[in-house]
J.: 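Please find one structure pasted underneath; my questions will follow.
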Amino acid sequence: MRRTNNQRWKMKTAGLVAMLAAGGVALAPTQAEACGGTFCDGGVPGPMPVDQTGENVIFVLGDTDLEVHIQINIDPNTNAEQFGWLVPLAAVPEFSVGSQPLFNTLLSASVPTYGLNTTFESCGFGTDSGPFTSSGDPNGGDTGEAGTSGGVESEGGNPVVKEVQIGAFQIAVLQAATVETIKTWLLDNGYVWDENAAGILQQYLDEGNVIVALKLAAGQGVEDVHPITLTYPAVETCFPLRLTRIAAVEDMEIRVFVMADNRAAPTNYKHVLVNPLKIDWLNFGTNYKQVITNAVDAFGADGRAFVTEFAGAGPGANLSVYNPAWNQAAFVGLDPSLVVSKLNEQNLASCFDNFSCFFSHPLVLPLLLEFLPPPDGVEPLDFYGDMASYVGQIDLLKWNDGAEFSAALLARVIEPGMHADELLTTWPYLTRMYTTISPAEMMEDPIFHQNPDLAEVPNVRIAENYVLCNADSVVTLPDEREFYIPGGGPWPAIPDEEWFAEEVQTVALKGAPMTLVNNTAAINMKLKEWNLSHGWPRVPGDTDGPPTTSDTDAPTSGGTDGETGGTGGTGSTTDAATTGGQNDDSGCGCRSSTDPQGSLWLGLSALGLLGLRRRRS
């Protein structure tokens, strides 16, 4: 009954998608983008790997233990009951329900933002009296995001060393000498086997790893999916890409967050500083994913590299992750007609006047559908928005005394929220790294480490756009390099300026990065030739223009720890810009600045326009 009502509800409320907000969910279709595992059933006529369009993983790097938060997304067009995920680990972990609001918070707090501050040259029509500033995006477009096992193989060929249900998932930890034992167990327990995984899994087993197998428990659907947290003894992070390639697509996006005491960097992958001349600043970096793809595929990076999108102070605790008003005990013995009102009081829901329902946590609605389902033929939007009208139709047996709802709310919403809040307050530093990678390049699992000597990487990058009287413009990048733009756009490609990666580096445990490839001099030479061919910088006596650097070759190094938005004087260009496309972004927003003189004067001689585009999380 629950699934039937849910399906009807999805059809009716498809127009409410715009009500989705960061950290919450409205009465609208559940958004899930990809099967996050290795073995997924594509349905009739037979099993088929389902493409993974991206992965988000949070590592919490302590002194002795590693905590891994995995965001799981299931394609709603697949059979959720046959969803499966395999994760190789160096030791048998402890499991818990993860927090989707934690992912939302980290994504939102660190998403790279491209800004363009536009001013106009004085063309003899008046006297400057201060700039007028506003915000906006003229295009409205999106942008793009070996160890020792902790268990012992059980006797009699049974590879299960641990089995538990955590939230919506049934989880087993498997260990065996040969992959055939693992394969037999997976097939016997309803997993879909992909023969292409045999050799890769055997490598992991030979290295002493255990295999974590998880799938949705009986009665659970796509709407019940939540992140999973795994904790085990380790001092370095490892992302199991070798197994991921079985179900990956070309240029799959991977976004890694590290919460620790210091900035993190790739250990066995290269680190890339992106050439900011390739970013389309006029359109707020809408070509970012393609630029990153080209940069990590560049010579020296060879398809196995990361860029750093943000490194600095984390977002800290906030009420969207955990609210002290949440209290599961209030629902035990509660009259079921008052449940939604109690959720309103705890800021877990906003359902009023039979008009709309908004849930601040994505798992609250699935819990209601399970323990307090709408009556037959009644849509959830109608039921939860006006429960007083349906008192006589409430399924009292389902609700019972509310104890099961209370326990589930504690396990899936409150406890994960409390733990996420603790992480945000305990670990002061956040690093966000990003790459795109194709299956053929997934031959080594990336490892990450801390380096206390690395600089911060800002996620807000502002360029200056100076519009000339002839309608051309000059864009001054955050690193102070100037780029002449004929006709004011579109963003040009400099002939023979072919370098998407400004620098390719390796990063040790301490000290500054070691540069393997540095294209800055070649980039600056082509930029200087381009600018001179368009008469920039002007010779003395020409129409007044903005102050220019003494030479367009500056700075001597185009990228330090931040790829397209750093400041040349501090040695910090922005190490990666925005993520190319992401499944959990709440939308692009604009930030505005106000006229420092409080004036709305707008003249032909001076005008400033500030637009900021937050890339998709």
Side-chain angles (χ1 to χ4, degrees), residues 22-23 55-71 89-91 93-112 145 226-239 254-267 271 306-324 361 413-434 446-460 507-510 561-562 575-576 579 584 617:
E55 298 286 350
N56 290 325
V57 175
I58 301 170
F59 293 107
V60 183
L61 192 53
D63 294 332
T64 58
D65 290 340
L66 177 66
E67 188 171 307
V68 185
H69 297 244
I70 302 173
Q71 185 182 42
L89 291 178
E94 296 296 325
F95 300 96
S96 59
V97 175
S99 169
Q100 182 58 44
L102 175 61
F103 278 92
N104 296 342
T105 295
L106 296 185
L107 285 163
S108 177
S110 61
V111 56
E145 48 109 321
H226 53 74
I228 283 288
T229 299
L230 308 90
T231 304
Y232 58 98
V235 294
E236 64 180 15
T237 67
C238 181
F239 193 111
I254 292 178
R255 193 164 299 99
V256 173
F257 297 88
V258 179
M259 303 176 72
D261 290 319
N262 303 288
R263 180 177 159 185
T267 303
H271 184 249
F306 282 83
V307 296
T308 301
E309 297 188 310
F310 172 77
N318 61 80
L319 294 180
S320 67
V321 172
Y322 171 70
N323 190 328
H361 192 288
V413 175
I414 298 178
E415 288 182 337
M418 293 177 66
H419 182 58
D421 182 81
E422 179 184 11
L423 294 178
L424 291 172
T425 55
T426 300
W427 300 102
Y429 206 99
L430 174 66
T431 306
R432 167 173 166 156
M433 290 167 282
Y434 171 73
I447 298 171
F448 305 92
H449 64 272
Q450 295 186 72
N451 180 326
D453 300 320
L454 299 179
E456 294 188 354
V457 179
N459 65 321
V460 177
V507 183
L509 295 175
K510 292 184 177 180
D561 291 324
D575 198 36
T579 68
D584 286 306
S617 302

J.: Distance check, rounded to the nearest 0.5 Å: Lys510 atom NZ versus Asn262 atom CG?
T.: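 Spacing of NZ (Lys510) from CG (Asn262) equals 10.5 Å.
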
J.: With rounding to the nearest 0.5 angstrom, report the OH to CG distance, Tyr232 to Asp65.
T.: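 Here the rounded value is 10.5 Å.
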
J.: Under a 4.5 Å cut-off applied to non-hydrogen side-chain atoms, are Pro101 and Phe103 in contact?
T.: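 No, side chains not in contact.
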
J.: Is there a donor-acceptor pair under 3.5 Å between the side chain of Arg263 and the backbone N or O of Glu456?
T.: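 No, the answer is negative, given that no donor and acceptor are paired below the 3.5 Å cut-off.
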
J.: Below 4.5 Å, heavy atoms only, C-beta onward: do Val97 and Glu415 meet side chain to side chain?
T.: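 No - every pair of side-chain heavy atoms lies 4.5 Å or more apart.
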
J.: Testing the 3.5 Å rule here: is there a donor-acceptor pair between the side chains of Ser99 and His419?
T.: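 Absent: no donor and acceptor within the cut-off.
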
J.: Quick one, Asp261 and Pro428 - any side-chain contact, counting heavy atoms below 4.5 Å?
T.: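 Yes - at least one pair of side-chain heavy atoms lies under 4.5 Å apart.
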
J.: Between Met259 and Leu424, is there a side-chain heavy-atom distance shorter than 4.5 Å?
T.: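 In contact.
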
J.: Classify the side-chain pair Glu67/His69 by whether it contains a donor and acceptor separated by less than 3.5 Å.
T.: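 Note: Glu67 and His69 side chains meet the donor-acceptor criterion.
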
J.: Evaluate the side-chain proximity of Pro93 to Thr231: yes if any heavy-atom separation is below 4.5 Å, no if none is.
T.: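 Contact flag for Thr231/Pro93 side chains = no.
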
J.: Identify the heavy atoms of Ala420 and Leu102 that sit nearest to each other, and give their distance.
T.: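 Distance-wise, the nearest heavy atoms are CB-CB, 3.9 Å.
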
J.: Could you tell me which non-hydrogen atom of Phe257 sits nearest to which non-hydrogen atom of Ser110, and how far apart they are?
T.: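 Of all heavy-atom pairs spanning Phe257 and Ser110, the closest is CE2-OG, 3.5 Å.
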
J.: Atom CD1 in Ile70, atom CG in Leu230: separation rounded to 0.5 Å?
T.: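 Going from CD1 on Ile70 over to CG on Leu230, the span is 5.0 Å.
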
J.: Among Leu107, Val307, Asn56, find the one that has a side-chain contact (heavy atoms from CB on, under 4.5 Å) with Arg432.
T.: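 For Arg432, the side-chain contact (heavy atoms from CB on, under 4.5 Å) test succeeds with only one of Leu107, Val307, Asn56, which is Leu107.
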
J.: Considering non-hydrogen atoms only, spot the tightest contact between Ala265 and Met433 and give its length.
T.: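 Smallest interatomic distance, heavy atoms only, reads CA-SD, 4.0 Å.
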
J.: Heavy atoms, side chains only, cut-off 4.5 Å: are Gln450 and Tyr429 in contact?
T.: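 The answer is no, as the side chains (C-beta and beyond) never meet within the 4.5 Å cut-off.
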
J.: Should Ile58 and Val68 count as side-chain neighbours, where that means a heavy-atom distance under 4.5 Å?
T.: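 No, side chains not in contact.
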
J.: Locate the shortest heavy-atom distance separating Ala109 from Asn459; write the atom from each residue and the value.
T.: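 The pair with the smallest heavy-atom distance is O-ND2, 3.4 Å.
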
J.: Does Thr425 use its side chain to pair, donor to acceptor, with the backbone of Ala317 at less than 3.5 Å?
T.: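 No; zero donor-acceptor contacts below 3.5 Å.
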
J.: Given side chains that start at C-beta, do those of Phe310 and Val457 come closer than 4.5 Å, heavy atoms only?
T.: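 No, their side chains stay 4.5 Å or more apart.
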
J.: Mind listing the closest non-hydrogen atom pair of Ala508 and Asn451 along with its distance?
T.: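 Closest heavy-atom pair between Ala508 and Asn451: O-ND2, 2.8 Å.
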
J.: CZ of Phe59 to OG1 of Thr237: how many Å apart, nearest 0.5 Å?
T.: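 Answer rounded to 0.5 Å: 4.5 Å.
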
J.: Give the minimum heavy-atom separation between Thr431 and Ala264, together with the two atoms involved.
T.: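 That closest heavy-atom pairing would be OG1-N, 3.0 Å.
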
